> 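To start, I am sharing the structure in question, which I have written as structure tokens.
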There are 2 protein chains.
Amino acid sequence: MSVTAAQGFRAAGVTAGLKDSGKPDISLVVNEGPSSAAAAVFTSNRCKAHPVIWSEQAIKGGSARAIVLNSGGANCYTGPEGFAATHRTAERVAEHLGIGAIDVQVCSTGLIGRLLDEPKVLAGVDSAVAALSPEGGLDAATAIMTTDTVSKQATAGGDGWMIGGMAKGAGMLAPALATMLVVITTDADLNSATLDTALRSATALTFDRLDSDGCQSTNDTVLLMSSGASGVAPDVAEFTEALTMVCRDLALQLLADAEGADHEIAITTINAASENDALEVGRSVARSNLFKCAIFGKDPNWGRILASAGTTTAVFDPLDLDVAVNDVWVCRNSGVGESIDLVDLEPRSVTVTIDLKAGTHSATIWTNDLTQAYVHENSAYST
Amino acid sequence: MSVTAAQGFRAAGVTAGLKDSGKPDISLVVNEGPSSAAAAVFTSNRCKAHPVIWSEQAIKGGSARAIVLNSGGANCYTGPEGFAATHRTAERVAEHLGIGAIDVQVCSTGLIGRLLDEPKVLAGVDSAVAALSPEGGLDAATAIMTTDTVSKQATAGGDGWMIGGMAKGAGMLAPALATMLVVITTDADLNSATLDTALRSATALTFDRLDSDGCQSTNDTVLLMSSGASGVAPDVAEFTEALTMVCRDLALQLLADAEGADHEIAITTINAASENDALEVGRSVARSNLFKCAIFGKDPNWGRILASAGTTTAVFDPLDLDVAVNDVWVCRNSGVGESIDLVDLEPRSVTVTIDLKAGTHSATIWTNDLTQAYVHENSAYST
């Protein structure tokens, strides 16, 4: 269902021949209205791909009628010709739909520094338009996959309205194993300013807290489009909650499908002096290769967790920290706690809890372990 | 030669039985004077091991007569008993030498969160004192090894004076694959304030620019002791230059012996608006797992280099960067440059040059690639 779960959207996924594998590589999602209110967030990387440069400008009016996405090429660092290719792709979609190019968002994912095969992309757009369907959600979610092993979709809703979303990649909005692209649709009738606030709130609590390998993509995009087709204007708090649910669902699907990972790790910092302190500590642990290798090796190595916490500016007493792995408090008061033999790291899902004893705030960062398979996947081919 | 290359020093390395392997594990270096001027720098990690907490206080008077180092246990997060063990180790050395414990520096390296076997350590100190010799440099350098495959020693000097040093571990002063311990001796006659300034200058340009895996150890220590036995007080600039040479030599030996690495990578950022900008860009690339995997895979993936640069606040135009790998300018003006096929990544030594076109400053950060062997070594056993 995903992006076609909400009323007023059609979608398609087709094969344009951009991928050597011959798998589907062009997705199109069209908002049939009546509303075209939209909001988006983009990578915070200063080195942005051409589709991001285009889409950031195009969304400024708070409106989007369609989004076209290609896998099989990031169109990043491809010079003026690359930007022109993005622009002509938007124009081709606009022509078919009888709208302005400014109402077309564009996303790309794949290898950096290689020009897209523009004739193939444009022919792909033609096929995608012809294939548009109110049941096209799964096809669209499939055609944006790169190293993803499964497509990612999620839905949520309220009384008379729906939200649907699709995603590809793994990593956090910004950091990413591969580029993260997310398209979310809703038939709730909300203006673009409300959508923008809701989207920023939802992504801050979900995609922003996903830090698979600390690497930040040039192409990350999350777009939210409203058709208003339900005629329902839900309570904003209720809408934001449902949107956050969809984002969290997609984020955890990305985490579970991260390249080469053996474990999904939720690092929760509790009793922090501020939410920022909790996030800083969680991120520092999530970015420790030594910690991530230890989890791969099924070793609840709390020394590496303390060593990471020690690199932050968060408020805490370095000699009075508690750490639990899978709820076993292996470190108490910065010393040996319960036996590490009580910790079972066979299951994929791992929790780490760090008690800073400095306040009342808490936050969770999600990451993966660092495995030989990750190194293999990211050394054996270019992205 | 190393730490006994300079006049006025004796050293020893003995086996106390702290390591399961039965290899040497206690090193002792004694400064016989006439001077006892000394300076040290320590890990910037807030979670410090007990020997670091002790040594930081003990060096405050600018004097050190001896340093005792053990491998086979980090004595970190071992509670009040751990600090007492460090203190009693210093006292035992002091007793033998007829000096105050405050003049004894202590270093430990090994597993965090496990108490040292103190009787073994103290018996090891007794044996080390008995084994002290003006030819003991190599033994001392050997007994501090953990996952090191070779001992690391270096010397330099001027007219009538010498500097010698030994090191173990890999990583940067702070970040570390394993803990980095460095002991440097000199018979030059300089006071502790001068030694401190020279040491901070030398480490800032060498160990501080080594970033093997971005992880920061709890035990890192660099100690510089002067015996003054040469009777020569060299020009401070000349001394600092020689000291920097010794530090660079040791740093590159650490890099070359980093756990599981296949490549040594020198990342030089040129034409930066400031030295800090150059360092920030270099560090961001050095910490990109995707970049490090690419080098392991012999892929001159400049897209991953730009994507890392894009996460920094350094002054540059994201659309006007040049990047060379092994002096082949594979990226020009943030677009495709010379063919990547011209880049030979078979040799261990790799250079990356990033031209920011924003000023006149430059700086080099050294790192390693990320390999399956690194993941194996750091998942298969605790550190």
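In this text, all values refer to a predicted model and were calculated from it rather than measured experimentally. Order of the sequence lines sets the chain letters (A, B, ...), proteins ahead of strands, with each chain counted from 1.
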> Tell me, do A:Ile354 and A:Ile267 make a side-chain contact under 4.5 Å, heavy atoms counted?
yes
> Is it the backbone or the side chain of B:Thr371 that comes under 4.5 Å from a heavy atom of chain A, or both, or neither?
backbone
> Identify the residues of residues 79-87 of chain A whose heavy atoms come closer than 4.5 Å to a heavy atom of chain B, ordered by number, or report 'none'.
none
> With no hydrogens and no angle check, do the side chains of B:Thr147 and B:Glu259 hold a donor and an acceptor under 3.5 Å apart?
yes
> Side chains of A:Asn289 and B:Asn289: any donor to acceptor distance under 3.5 Å?
yes
> With a 4.5 angstrom heavy-atom cut-off, which part of A:Thr313 approaches chain B: side chain, backbone, both or neither?
backbone
> Applying salt bridge (Lys or Arg N to Asp or Glu O under 4.0 Å), name anything that partners B:Glu118, two or more places apart in sequence or on another chain.
B:Arg88
> Does one side chain, of A:Thr43 or A:Lys48, offer a donor that lies under 3.5 Å from an acceptor on the other?
no
> Considering residues at least two apart in sequence or located in another chain, which fulfil the salt bridge (Lys or Arg N to Asp or Glu O under 4.0 Å) criterion with A:Asp322?
A:Arg332, A:Lys357
> Which one wins on heavy-atom pair count under 4.5 Å against chain B: A:Ser334, A:Ala307, A:Gly335?
A:Ser334
> Under 3.5 Å, is there a donor-acceptor pair between the A:Lys168 and A:Ser71 side chains?
no
> Top residue by heavy-atom pair count (under 4.5 Å) with chain B, among A:Gly310, A:Gly297, A:Ala74, A:Ser284?
A:Gly310
> Which one, A:Cys293, A:Cys331, A:Ala373, leads in non-hydrogen pairs under 4.5 Å with chain B?
A:Cys293
> Using side-chain contact (heavy atoms from CB on, under 4.5 Å) as the criterion, point out the one residue from A:Leu306, A:Ile305, A:Thr269 that pairs with A:Val285.
A:Ile305
> Please classify the contact between A:Phe316 and chain B as side chain, backbone, both or neither, with a heavy-atom cut-off of under 4.5 Å.
both
> Among residues at least two apart in sequence or on other chains, which ones pass side-chain hydrogen bond (donor to acceptor under 3.5 Å, both in side chains) with A:Asn219?
none
> So which residue, B:Thr311, B:Leu115, B:Val336, ends up with the most heavy-atom pairs under 4.5 Å with chain A?
B:Thr311
